[in-house]
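Have a look at the structure below before the remarks.
Counting from 1, the numbers follow the sequence of the chain as shown.
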Amino acid sequence: MHRSTDATSLSSLRPTTRAVVRELLRAGPLSRADLARRLDLSPASLTKLTRPLVNSGLVREESAQSARPGRPGAPLAMDVGRHRFLGMKITGDELFGVSTDAGGAVQEVAHRDLLSTDITTAAGQIVEMMNELDPEGIAQALGIGLAGRMLHFDDTVRDNGYLGWDDVPLARLINDATGVPTVLSGDARALTAGVQWSGPGRGYDDFAVVTIGVGIGVGLVLGGQVRAGGHGTAGHVGHTPVTDSGPLCELGHRGCAASLLNSAAISHAIGVPHGRADLDLAGAVALAEAGDLAALRALTDAGRALGTLIATIVNLLDLPAVILAGDGLGIMPVARAAMADALSEHLDPGTRAPHIEEFDSTFDEWARGAAVVACQWVLAAPETVGTHRPTQRTPSGT
């Protein structure tokens, strides 16, 4: 496989140039005046910095008519189509992949079942999917999102209970096998990166993504940056107490968010009184919509737990927006009113209520977020991005 060199790698750009590219990807198109203000540069410095970018085609000038009133000049925008990135989301038994441009727009998608949680087998499947998504070998980096306690830009899988992986150097295994720079991120943070770059979080410098479903996760954007915390555990809020009198979770906590809001907890709360061990979340929602009292109570309790959790996050961080996502959003038609009541009840009187948006996100969207993480990583820390790439990708371990 011969690798294309038509597009300049974003990792090769100078730091000030990468800052321009990052800002255009995050908030563009932008006038030169806006861009200079955001980067704290003088207009003359900004013009000098962007001239070679425009001349090379990396950045283009949009039509002057698209400039906002009162701000003359043609806005600048990235030519996102010149750059390819790969993203993958790994669940306990499936692998989802996408290829995107630098702006996060999906070009190709792929999906397959994991044959095994054996790391060598799984790495081989990742490489096969990379070849399927990027047969020309032009992708600049791969991002992988999965459960665990990773930093936003990490190289090692830590504490992934679904796959049984801990201290697994997955990024190095893929990079060694393919030469493609690879970065890992917690899956909720990867989704958040996609929401920030080209989703409902675009335009916000501060917001949270709260994911509900099999588990509960929170991705945070503060000051325009996705945050992971000092040890990669920011956003692990599943065991935050939300009531003094709720059921027990699997760790023995009474009334934590997981005990009321996780899909399994909801299905169990409804299935037990009905004598059903096979009830899934969709079935639980169907019972509630049919007027079943046990189902209505369980989903109302879940909505209150969600509203209380959101209030806790917003009270602490004063966030203007919260995006809800995940495979548990099916509960919202029944749970939404209880969520709103609990949010109103628990918000501090001095805290402004956030805008709340429900974002229907399939696992392809989570994989897209991982591709955005790869682009952000290349622009943020190019010294960690490898430059050598073999001409042929081979499965790890061969």
Gln376/His152 under side-chain contact (heavy atoms from CB on, under 4.5 Å): CA gap, chis, key distance, verdict: CA-CA 10 Å; Gln376 292 178 343; His152 185 48; 3.3 Å; yes

Over 12 non-hydrogen atoms of neighbours within 6.0 angstrom of CD in Glu108: no

Contact check, side chains of Glu61 and Arg32, non-hydrogen atoms, under 4.5 Å: yes

Identified side chain to side chain contact (heavy atoms under 4.5 Å, CB included) partner of Leu53 from the options Val20, Leu76, Leu24, Asp79: Val20

Do any side-chain atoms of residues 316-334 form donor-acceptor pairs under 3.5 angstrom with protein atoms, and if so which ones, sequence neighbours left out?
none

Test item: Asp154 side-chain N/O and Leu151 main-chain N/O as donor-acceptor pair under 3.5 Å: yes

Ser259 (side chain) donor-acceptor with Cys256 (main chain) under 3.5 angstrom: yes

Pairing of Asp301 and Arg304 as salt bridge, 4.0 angstrom limit: no

Side-chain donor-acceptor pair present, Arg368, Ser198, cut-off under 3.5 Å: yes

NZ/NE/NH1/NH2 to OD/OE distance under 4.0 Å, Arg112 and Glu132: yes

Trace of the side-chain contact (heavy atoms from CB on, under 4.5 Å) decision for Met130 with Thr178: CA-CA 9 Å; Met130 292 172 69; Thr178 66; 3.8 Å; yes

Note: Lys89-Asp187 ion pair, threshold 4.0 Å (strictly below): yes

Arg202, CZ atom: more than 12 neighbouring heavy atoms under 6.0 Å: yes

Side-chain (Asp101) to main-chain (Gly81) donor-acceptor, under 3.5 angstrom: no

Neighbour count >12 (heavy atoms, 6.0 Å) for atom NE2, His253: yes

Leu184 side chain near Phe153 side chain, heavy-atom distance below 4.5 Å: no

side-chain contact (heavy atoms from CB on, under 4.5 Å) evaluation trace for Val378 with Val183: CA-CA 9 Å; Val378 166; Val183 65; over 6 Å; no

Path from Val98 to Phe96 over hydrophobic side-chain contacts below 4.5 Å: no

Short side-chain donor-acceptor distance under 3.5 Å, His346 and Asn315: no

Stepwise side-chain contact (heavy atoms from CB on, under 4.5 Å) check, Asn262 with Val214: CA-CA 6 Å; Asn262 282 358; Val214 174; over 6 Å; no

Exam field: side chain Thr233 to backbone Gly229, donor-acceptor pair closer than 3.5 Å: no

Asp40, CG: over 12 other non-hydrogen atoms inside 6.0 angstrom: no

Single-linkage hydrophobic cluster Leu222~Ile310, side-chain heavy atoms < 4.5 angstrom: yes

Exceeds 12 heavy-atom contacts within 6.0 angstrom, atom CZ of Arg352: no

Donor-acceptor contact below 3.5 Å, side chain Thr211 vs main chain Gly217: yes

Stepwise side-chain hydrogen bond (donor to acceptor under 3.5 Å, both in side chains) test for Ser9 and Ser12: CA-CA 6 Å; Ser9 171; Ser12 68; 5.1 Å; no

Enclosure of Asp278 CG (heavy-atom neighbours >12, cutoff 6.0 Å): yes

Salt-bridge criterion met for Asp205 and Arg38 (N-O under 4.0 Å): no

Nearest-0.5 Å distance that lies between atom CG in Leu309 and atom CG in Leu260: 11.0 Å

Test item: Trp366 side-chain N/O and Leu146 main-chain N/O as donor-acceptor pair under 3.5 Å: no

Any donor-acceptor pair under 3.5 Å from Asp134 side chain to Ile138 backbone: yes

